[in-house]
Amino acid sequence: MVEERMNTDKMWITMGPQHPFSHGLWTLRVHADGEIITDAEPEIGYLHRGWEKECENRTYAKIIPMADRLCYSASMTWSHVFCKVAEEALDIEVPERAQYLRVIADEICRIQSHLMWLAAVGTDLGNLTVFLWALREREFFLDLNIRLCGQRLTTNYPRIGGVRNDMPYYFERDCMRCVERFETVGLPEIMKLATDSSPFVGRMQGIKYLTAKDVANWGVTGPAMRGCGVDYDVRRDDPYDAYGEIDFEVPVLNKNNPKGGDAYDRFLVRLEEMYQSCEIIRQAFQKLQSIPKEAPSRVKVPRCIPAGTHMAKIEDPRGESIMYLVSDGTEKPWRLKVRSPIFVNVSSSKHMVDGVRIADVPAIMAMIDMCLGETDR
Amino acid sequence: MGLSILDWIVFKNPMANEYYPFGDMYNLPYEIGYKLSEIILGFVAWFLNLFVHDNLWSQWLVSDVVMNVLAIILLVVVIFGVGFIVNLTMIWEERKILGRLMDRRGTQIGPLGYFQCLGDGLKTFMKENIAPKAIDKKIYWWGLALVIGTSVLLACMVPLSGRWFIADYKVGLLILFGMFALAPFLILCAGWAQNNKFSLIGGMRAAELMISYEVPMLIILATSCLLAGAYGINDLVQFQNDHLWFVIPEIIGFFTFFVCAIAESERVPFDLSEAEAELVEGWQTEYAGMKWGLIMLADYFRGYVACAFIVLLFLGGWAMPFAGTDTWYAEIWFLFKVCAVFAAFVWARGAFPRVRTDQIINIGWRVLMPLSILNLVVVVAIKLMGWM
């Protein structure tokens with residue numbers, strides 16, 4: 001009787017679309033018993049722009065800048081995956097120089113994307129210093145983007161059959177300075193506030209263990225998956241462009257741990273990935289020196305793509321991004337399907353936040369690094 | 001009396017006033033208020049006297065009763081004004097230090113960015129003042145008024161020195177602490193009344209917080225009183241001046257109290273009731289416009305009181321080493337100490353992320369509580385050995 005009057009039921013709390021924790025327009029409706037979450041459902045669709053349909057009305061060359069806009073902080077990889085699927089369809093080989101340039105551009109993009117993520121983790125956990133320091137470091141990499149392709153975020157750099165331009169003079173020097181500074185000064189400084197700070201770590205440690213099996217079944221990819229023990233990275237296991245010739249490690253935590261990984265493991269994987277990206281950039285520049293500067297960085301490609309279906313996948317900063325192209329032989333795609341890593345990751349958020357506290361939701365959801373542009377398309 | 005204005009504006013010793021409210025204690029803001037009321041009332045009385053010579057109204061205006069009443073009102077205005085300026089300075093201090101910590105510039109308007117918070121206040125004032133339909137109106141407005149009211153009153157009740165106080169009470173610390181501890185309850189009510197899930201959870205968290213750190217805080221407060229053998233703030237400061245600042249014998253208590261004070265003033269490592277990443281703005285979610293601005297201001301008043309508590313209990317209040325408690329700069333010295341403690345608060349805000357509810361209860365009961373009892377044991381030992 002009392003319960004009836006007082007309505008002591010559990011309540012649905014709508015976190016979003018304008019909630020500070022949801023980076024972008026999406027909603028996580030959580031069913032809370034006090035502070036404990038018993039159920040959750042993500043809702044997306046606020047940012048749907050009909051991206052795939054729009055592509056059907058554009059020539060292949062015009063899709064490249066659109067692919068940039070799929071995710072503002074991973075523009076390089078998204079235009080890369082589009083160019084790659086077109087190259088698969090045309091069955092052309094990208095010049096070696098362009099392959100290395102793409103690798104370098106991708107890794108710069110990965111670092112700046114991960115720094116954006118680190119900044120977001122800072123605000124989610126309530127520490128604005130981490131936010132501003134990470135953005136400060138990110139600025140150096142955005143400056144590299146400007147040097148390379150004239151834009152900070154929507155870079156429009158890869159082309160079908162190569163890259164838009166070769167690297168400018170002194171780019172290697174600038175890039176290596178920036179990377180070395182980042183490795184030795186920039187990231188360790190931020191880590192003093194993050195991994196070295198027990199309250200910061202305490203917010204993530206022991207929060208929501210996810211087993212490798214679960215994660216694989218949900219289709220989660222990227223650092224979130226590797227932190228839980230699934231050893232898979234497209235760059236290493238299905239190398240594209242010049243990744244096959246570069247020697248790097250794929251950070252994987254809890255590989256044989258039946259318990260899986262917690263939010264902190266997923267946090268650490270992204271940090272280590274940034275160091276590995278620096279290593280990849282370094283090696284790519286070394287390999288580039290053996291290729292003459294006069295070598296082409298782009299090949300001419302026909303305007304129309306022969307009919308057929310093609311698929312390309314690359315390792316996005318957030319996971320495995322796939323584009324599936326159905327071509328009817330004209331200059332426009334008949335259908336272009338995007339497999340966005342975040343779309344899949346966020347659909348498993350129901351399981352990810354099950355049984356945790358409301359205070360843990362930002363910490364957990366931060367680890368999949370939401371980007372709504374690619375999720376809603 | 002004559003026609004000259006100087007016959008009417010006569011500066012007398014305020015303590016010679018028949019109704020002087022502070023007994024034999026000298027009160028500086030009262031004297032400022034008294035001087036001001038002598039000028040104001042003297043001028044009015046002189047002006048009336050120009051028209052009707054030797055009228056009773058003029059005589060009454062410069063009498064002891066009216067002087068005293070106006071002086072007391074002006075005393076409150078002076079104390080609040082100084083508190084308000086201190087508050088603005090602390091907001092500015094926080095934003096500047098935080099800017100430095102975060103590698104940005106901080107506030108920019110005015111000299112060294114000092115006027116930024118005035119601009120922000122104006123901006124919040126311009127915002128639409130929305131109150132949702134389904135609120136519990138009475139509690140919504142009373143909760144707001146009381147949260148702000150108690151905070152401002154509290155800030156005014158803190159004495160800045162032996163001569164700068166609003167009233168002389170022998171159990172000053174207890175009254176201060178009682179008022180200070182009222183806010184979480186009011187926040188709970190205000191959070192409940194807003195008919196918003198985020199505010200409700202924020203209010204509940206305030207209550208959750210309250211039970212976890214207020215007990216150690218009170219224990220340490222009692223320990224300090226035990227050490228000084230008095231509840232009065234003046235006595236406490238005098239004792240620290242005569243013997244030793246309590247930060248040395250009570251070093252454990254100092255750090256414990258520091259943590260508790262951050263929690264009590266709901267600042268960043270412990271601002272669970274308004275954790276913006278989880279709860280939008282916590283219990284303040286439905287307070288729009290200037291209501292929120294006033295809450296923010298009240299937050300800083302409470303931050304000021306928390307710092308003042310630390311200074312009074314551990315850092316010797318306004319006592320200056322080798323100069324005693326009766327220096328001419330006692331108020332400035334006290335406020336300087338408060339700002340220094342507040343800088344440490346800001347430092348904590350810049351360095352730490354927000355802790356979780358279960359973590360703060362863990363900290364409260366498993367760390368702060370034993371530490372505060374340990375502190376009590378140390379102080380009892382000191383007392384028993386007769387060292388202080």
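In what follows, chains carry the letters A, B, and so on, assigned in the order in which the sequence lines appear, proteins first and then strands, with residues in each chain numbered from 1.
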By number, which residues in residues 292-307 of chain B have some heavy atom less than 4.5 Å away from chain A?
none
Taking atom [atom1] of [X] as the centre, report whether more than 12 heavy atoms of other residues, nucleotides or ligands fall under 6.0 Å from it.
X: B/Arg104; atom1: CZ; answer: yes
X: A/Tyr209; atom1: OH; answer: yes
X: A/Arg181; atom1: CZ; answer: yes
X: A/Phe343; atom1: CZ; answer: no
X: A/Tyr46; atom1: OH; answer: yes

Can you give me the closest heavy-atom contact between A/Leu125 and B/Pro353, atom names plus distance?
O-CB, 3.2 Å
Closest non-hydrogen atom pair, A/Trp12 against B/Lys197
O-NZ, 2.5 Å
Looking at [atom1] of [X] and [atom2] of [Y], how far apart are the two atoms once the value is rounded to the nearest 0.5 Å?
X: A/Asp360; Y: B/Thr357; atom1: CG; atom2: OG1; result: 8.0 Å
X: A/Glu137; Y: B/Asp103; atom1: CD; atom2: CG; result: 9.0 Å
X: A/Thr129; Y: B/Phe352; atom1: OG1; atom2: CZ; result: 11.0 Å

Given heavy-atom pairs under 4.5 angstrom as the criterion, report whether the side chain, backbone, both or neither of B/Arg356 touches chain A.
both
Full working for side chain to side chain contact (heavy atoms under 4.5 Å, CB included) between A/Leu128 and B/Leu98:
CA-CA 9 Å; A/Leu128 279 175; B/Leu98 220 49; over 6 Å; no
Could you look at [X] and say if it's the side chain, the backbone, both or neither that has a heavy atom under 4.5 Å from chain B?
X: A/Pro199; answer: both
X: A/Ser198; answer: neither
X: A/Ile207; answer: side chain

Looking only at A/Arg357, A/Gln18, A/Met15, A/Met11, most heavy-atom pairs under 4.5 Å shared with chain B are made by A/Arg357
Working for side chain to side chain contact (heavy atoms under 4.5 Å, CB included), residues B/Arg354 and A/Arg203:
CA-CA 8 Å; B/Arg354 181 178 300 116; A/Arg203 279 299 300 274; 4.0 Å; yes
